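Here the structure comes first, spelled out in structure tokens, and everything after it is commentary.
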Amino acid sequence: MSKVETRNAFMTATYLYFLFVALFLCGCGSDDSSAANSITPPIDPVETIENPLPLFSIQTNGQSIVDEPKVSADFTLTEGDETLYSGKMGIEIRGSSSQMFPKKSFGFETWDADGNDIDVSLLGFPEEEDWILYAPYSDKSLIRNVLIYDLARSMNRYASRTKFVQLNINEQYQGVYVFMEKLKRDNNRIAINKLKDDENEGEDLTGGYILKIDKNNNEGFTDQNSFDSEFGSSLDQTGGDIHFLYDYPDANTITSTQKDYISAYLADFETALASDNFTDVDQGYQAYIDIDSFIDFFILNEISNNVDAYRISTYLTKDKNEKLKIGPIWDFNLGFGNADYCNGSHTDVWAYKFNERCPNDVFLVPFWWSRLLEDRAFVDRLKTRWNTLRAEQLADAVIFARIDEYVVLLDESGALESNFAKWPILGTYVWPNAFVGQNYSQEIRYVKEWITNRTQWLDNAINNL
């Protein structure tokens, strides 16, 4: 048994002991849906651990945190005995399907005393006002999003910076969270030109834009907030609709001229990709997209077999005087074998072929990927990039070393024990788990074995395209 597995086995036994004591003493679990209700964790994550994770302590002063609008709260960020930041925030529940879980994710803005947004640096991240406290719940490894974002950055692609933290709300412990940057236009995040509402002609009109292919549960898709693909999910234009949401400038600030420009650009790209001479360097798709960004995006979604890949949480950017790029990546809690539907747990299928497996899903994959893989030049560049990455950043040993670092950090900080005392879900199915480990070690072992099988399959599949 490895050092990590030995430590985790000890941790699991300790956790079960303290869980039994907690349940015996209070006769209750912690499955209450309120984010502010909690059993007391068996070990205080700050006072009794030598190297605790950073701790966000939030006080809502009697208010309930809801899914819009943000409510005012006070918060303190500490690490051990050191206070790193103290101030005000506006906080709300965030997420889509994840809101069904009792452990809630939150979005917050840093505010001044008058409730105005202020840019600050938290945990060494570049100054900003918009932040996320992501709550891994169905992902019992706790690491899937952190892992894929770290891999993306190792490939020189921007992805949200992350830190493992713990969270208290109104003196009640909430477990392990991932502190993250919100994806937005910013010189240190999505670094594209700031497009003003008076820039409506010439080269000023060419960028920057951020679009999303995503759900829009609250509002639906309207002419105000989005435009539609002329082709949708199939080259013959008979497939499901694909909607492009305005993210930056947003639907309330983008001008009609800017809408016309970016929608026409996407239409021209898709028309060129669908044309008979789509491989032509000057007249085909290459005139419109940054190919390397598409290749890296493909690799990151395929290595994780992200069941949401290409069709949900997909960002597109168009900078001033530049071609269309895809990314940054976002939302991989169902990746790495953590979905029991549409072959999400399989290691031997293409993620981009989701439409073949689940043709009746409301959200389908654009026709782009199948078409791009018909171009020998695109495939050759994909092979070269994949094989280069597999020798370095995406080598199994490198990926596993990252995972081991996360596990040691979470274990030695006491965060694993405290999290699963608060949320005793190990050994229990949580939608949409494809695997249910009886302890944390088994969850991590499953992720590693899944990655091993996945990368072996992709080595053959990509090189045989």
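Bear in mind that the values here come from a model prediction, so they are computed numbers and not experimental data. These numbers come from the heavy atoms of this one structure, side chains and all, not from hydrogens, waters or symmetry mates.
Counting only distance, with no hydrogens or angles, the side chain of Thr83 and the backbone of Tyr85 share no donor-acceptor pair below 3.5 Å. Here the side chain of Asn355 pairs a donor or acceptor atom with the backbone of Val365 at under 3.5 angstrom. No donor-acceptor pair under 3.5 Å is formed between the side chain of Ser138 and the backbone N or O of Val430. A side-chain donor-acceptor contact under 3.5 Å links Asn216 to the backbone of Gly220. Gln258 contributes a side-chain N or O that, together with a main-chain N or O of Lys196, makes up a donor-acceptor pair within less than 3.5 Å. Remark: side-chain polar atoms of Asn433 are not paired, donor with acceptor, to backbone N or O of Asn338 under 3.5 angstrom. Judged by distance alone, the side chain of Gln174 and the main-chain N or O of Gln172 form a donor-acceptor pair under 3.5 Å. Between the side chain of Tyr158 and the backbone N or O of Ile329 there is no donor-acceptor pair closer than 3.5 Å. Put simply, the side chain of Asn439 gets close to the backbone of Gln442: a donor and an acceptor are under 3.5 Å apart. Put simply, the side chain of Tyr173 never gets that close to the backbone of Lys422: no donor and acceptor are under 3.5 Å apart.
Nearest heavy atoms, Pro54 versus Glu79: CG-OE2, 3.9 Å. Annotation for Leu324 and Lys318: closest pair N-CD, 4.1 Å, computed over non-hydrogen atoms. Nearest heavy-atom pair across Ser141 and Ile444 is CB-CD1, 4.0 Å. Between Asn170 and Thr60, the shortest heavy-atom distance links the atoms OD1-N, 2.9 Å. The shortest heavy-atom contact between Arg144 and Phe332 is CB-O, 3.7 Å. When all heavy atoms are compared, the tightest approach of Val176 to Lys103 is O-NZ, 2.7 Å.
To the nearest 0.5 Å, atoms CG (Asn145) and CG (Leu334) are separated by 9.0 Å. Atom CZ of Phe56 and atom CZ of Phe106 lie 12.5 Å apart (nearest 0.5 Å). How far CG of Leu458 is from CD of Glu302: 6.5 Å, rounded to the nearest 0.5 Å. Rounding to the nearest 0.5 angstrom, the gap separating the CG atom in Asp308 from the CG atom in Asn333 is 7.0 Å. Considering OG1 of Thr110 and CG of Leu122, their distance stands at 6.5 Å, rounded to 0.5 Å. Separating the CG atom in Leu53 from the CD atom in Glu412 is a distance of 11.0 Å, to the nearest 0.5 Å.
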Inset, instruction - Begin with the C-alpha distance, continue with both residues' side-chain angles, and end with the deciding distance and a verdict on side-chain hydrogen bond (donor to acceptor under 3.5 Å, both in side chains) for Asp67 and Gln99. - result: CA-CA 9 Å; Asp67 179 8; Gln99 288 203 26; 3.0 Å; yes

Inset, instruction - Start with the C-alpha distance between Val165 and Val178, add both sets of side-chain angles, then the distance that settles side-chain contact (heavy atoms from CB on, under 4.5 Å), and finish with yes or no. - result: CA-CA 6 Å; Val165 299; Val178 180; over 6 Å; no

Inset, instruction - Take Lys194 and Glu199 through the side-chain contact (heavy atoms from CB on, under 4.5 Å) test and state the conclusion after the steps. - result: CA-CA 10 Å; Lys194 185 175 182 179; Glu199 294 181 309; over 6 Å; no

Inset, instruction - Take Lys323 and Ile291 through the test side-chain contact (heavy atoms from CB on, under 4.5 Å) and record every step on the way to the result. - result: CA-CA 9 Å; Lys323 297 178 181 179; Ile291 297 174; over 6 Å; no

Legend entry - Full working for side-chain contact (heavy atoms from CB on, under 4.5 Å) between Ser57 and Phe75: CA-CA 5 Å; Ser57 297; Phe75 82 102; over 6 Å; no

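With contacts defined as side-chain heavy-atom distances shorter than 4.5 Å, the pair Val71/Glu92 does not qualify. Residues Gln166 and Ser418 meet the side-chain proximity criterion, which asks for heavy atoms closer than 4.5 Å. Residues Thr314 and Asp214 fail the side-chain proximity criterion, which asks for heavy atoms closer than 4.5 Å. Taking the side chain as every heavy atom from C-beta outward, Phe435 and Trp450 never approach each other to under 4.5 Å. At least one side-chain heavy atom of Val349 sits less than 4.5 Å from a side-chain heavy atom of Asn305. The shortest side-chain heavy-atom distance between Tyr134 and Ser160 does not fall under the 4.5 Å cut-off. Residues Ile399 and Leu147 have side chains in contact (heavy-atom distance under 4.5 Å, counting atoms from C-beta outward). Inter-residue side-chain proximity for Thr253 and Tyr248 is flagged as unmet; no heavy-atom pair is nearer than 4.5 Å.
Under the 30°/60° scheme for interplanar angles, the aromatic rings of Tyr137 and Trp423 are found to stand perpendicular. Between Phe363 and Phe221, the ring planes lie perpendicular to each other; the angle is over 60°, past the 30° to 60° tilted range. Using a 30° and 60° split on the angle between ring planes, Phe125 and Phe179 fall in the parallel class, below 30°. Ring planes of Trp368 and Phe294: tilted class, angle from 30 to 60°.
Asp197 and Thr255 share no side-chain donor-acceptor pair at under 3.5 Å. Side-chain contact check for Tyr149 and Glu181: no donor-acceptor pair (N or O, by modelled atom type) lies under 3.5 Å. For the residue pair Trp111 / Asn116, no side-chain donor-acceptor distance below 3.5 Å is found, with atom types taken as modelled. Between the side chains of Gln59 and Glu171, a donor-acceptor pair is found at a separation under 3.5 Å.
Within a 6.0 Å radius of NZ in Lys184, more than 12 heavy atoms belonging to other residues, nucleotides or ligands are found.
No salt bridge links Lys88 with Asp112; every basic N to acidic carboxylate O contact stays at or beyond 4.0 Å. With respect to the salt-bridge test (charged N to carboxylate O, under 4.0 angstrom), the residues Lys448 and Asp404 qualify. A salt bridge links Asp396 with Arg390: at least one charged nitrogen is closer than 4.0 Å to a carboxylate oxygen.
Checked against the 6.0 Å centroid criterion, the rings of Tyr246 and Tyr209 do not qualify as a close aromatic pair.
The only option from Arg385, Arg157, Arg381 that meets the side-chain hydrogen bond (donor to acceptor under 3.5 Å, both in side chains) definition with Asp292 turns out to be Arg381. When Lys182, Arg94, Lys70 are each tested for a salt bridge (charged side-chain N to carboxylate O under 4.0 Å, His left out) with Glu109, only one passes: Lys70. A side chain to side chain contact (heavy atoms under 4.5 Å, CB included) with Val146 is found for exactly one of Thr162, Asp139, Ile403, Leu151, namely Thr162.
Cation-pi geometry between Arg311 and Trp369 is not met at under 6.0 angstrom from the ring centre and within 45 degrees of the axis. The side-chain tip of Lys325 does not point at the ring of Phe297 from less than 6.0 angstrom away and within 45° of straight on.
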